[in-house]
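Residues: numbered from 1 along the sequence shown.
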Amino acid sequence: MMNDLIADALTRIRNAAMRKLEVTTLLHSNTVVGILTVLEAKGYIDSFKVVDGTNNKKTIQVTLKYDEKEVSAINEIKRVSKSGRRIYKASSELKNFKNGYGTIIVSTNKGIIANDEAFASNVGGEVLCTVW
């Protein structure tokens with residue numbers, strides 16, 4: 001049984017990008033769907049869709065994004081807050097990441113959002129992962 005679905009999803013995306021795969025399959029959870037929504041809005045992935053599998057097990061198919069030289073749009077994707085150590089940040093600490101080139105994905109009381117939206121809404125929360 002998978003304990004940390006977020007870490008598993010990020011690892012599958014990272015591995016698929018290193019192998020230059022078009023599509024990768026992730027295990028379904030609402031948190032993973034929230035993270036993928038932010039990644040799609042920021043342009044790190046092309047698209048994703050939830051697929052009903054066997055025995056009522058849902059999966060998510062993610063279409064990765066590459067440029068014309070087949071370089072992935074994701075340079076680095078890291079899990080920050082883990083089950084053993086939760087990391088929380090205030091809105092003032094979420095202003096920018098990697099001089100504005102990266103994105104911090106935060107779980108707030110307004111849902112899973114990117115750092116620039118959290119800063120504009122003046123909400124903090126648990127830092128799920130960073131992407132650039």
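- A search for side-chain contact (heavy atoms from CB on, under 4.5 Å) contacts involving Val71 returns Asp67, Lys69, not counting sequence neighbours.
- Residues forming a side-chain contact (heavy atoms from CB on, under 4.5 Å) with Thr108 (at least two apart in sequence, or on another chain): Val106, Lys110, Ile113, Val123.
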Which pairs of donor and acceptor atoms, one on a side chain in residues 89-96, lie under 3.5 Å apart (sequence neighbours left out)?
from  : atom 1 : to     : atom 2 : distance (Å)
Ser91 : OG     : Asn122 : OD1    : 2.7
Glu93 : OE1    : Ala90  : N      : 3.0

Distance-only donor-acceptor hits, side chain of residues 78-86, under 3.5 Å, sequence neighbours excluded:
from  : atom 1 : to     : atom 2 : distance (Å)
Arg79 : NE     : Asp4   : OD2    : 3.4
Arg79 : NE     : Ser81  : O      : 3.3
Arg79 : NH1    : Ser81  : O      : 2.4
Arg79 : NH1    : Leu128 : O      : 3.3
Arg79 : NH2    : Asp4   : OD1    : 3.4
Arg79 : NH2    : Ser81  : O      : 3.1
Ser81 : OG     : Ile87  : N      : 3.0
Ser81 : OG     : Glu126 : OE2    : 2.7
Arg86 : NH1    : Glu126 : OE2    : 3.1

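- Between the CZ atom of Arg14 and the CG atom of Leu10 there is a distance of 6.5 Å, given to the nearest 0.5 Å.
- Put simply, the side chain of Leu36 does not reach to within 4.5 Å of the side chain of Val33, judged on heavy atoms.
- Taking each heavy atom of Ile35 and Ile112 in turn, the nearest pair found is N-CG2, 4.1 Å.
- Between Val32 and Ala9, the shortest heavy-atom distance links the atoms CG1-CB, 4.0 Å.
- By the salt bridge (charged side-chain N to carboxylate O under 4.0 Å, His left out) test, Asp116 pairs with Lys42, sequence neighbours left out.
- Leu64 and Val38 fall within the same hydrophobic cluster, defined by Ile, Leu, Val, Met, Phe, Trp and Tyr side-chain heavy atoms under 4.5 Å apart, directly or through other members.
- For Asn15, the side-chain contact (heavy atoms from CB on, under 4.5 Å) criterion is met by Thr11, Met18, not counting sequence neighbours.
- Clustering of Ile, Leu, Val, Met, Phe, Trp and Tyr side chains at separations under 4.5 Å leaves Tyr88 isolated, with no partner residue.
- Linking ILVMFWY residues whenever their side-chain heavy atoms come closer than 4.5 Å, directly or via other members, places Val50 and Ile45 in the same cluster.
- Residue pairs satisfying the salt bridge (charged side-chain N to carboxylate O under 4.0 Å, His left out) criterion with at least one member in residues 54-63, sequence neighbours excluded, are absent.
- At a threshold of 4.5 Å between non-hydrogen side-chain atoms, the residues Tyr66 and Asp46 do not count as touching.
- Side-chain contact between Phe97 and Thr103 is absent, with no heavy-atom pair separated by less than 4.5 Å.
- In this structure the side chain of Lys65 never reaches within 4.5 angstrom of the side chain of Tyr44, judged on heavy atoms.
- The side-chain contact (heavy atoms from CB on, under 4.5 Å) search around Val51 returns Lys49, Thr59, Gln61, not counting sequence neighbours.
- Pairs engaging residues 19-35 under the side chain to side chain donor-acceptor pair (under 3.5 Å) rule: none recorded [sequence neighbours left out].
- For the pairing with Ile105, the side chain to side chain contact (heavy atoms under 4.5 Å, CB included) check across Ile77, Thr130, Val127, Leu39 returns one residue only, Leu39.
- Taking the side chain as every heavy atom from C-beta outward, Ile13 and Leu26 approach each other to under 4.5 Å.
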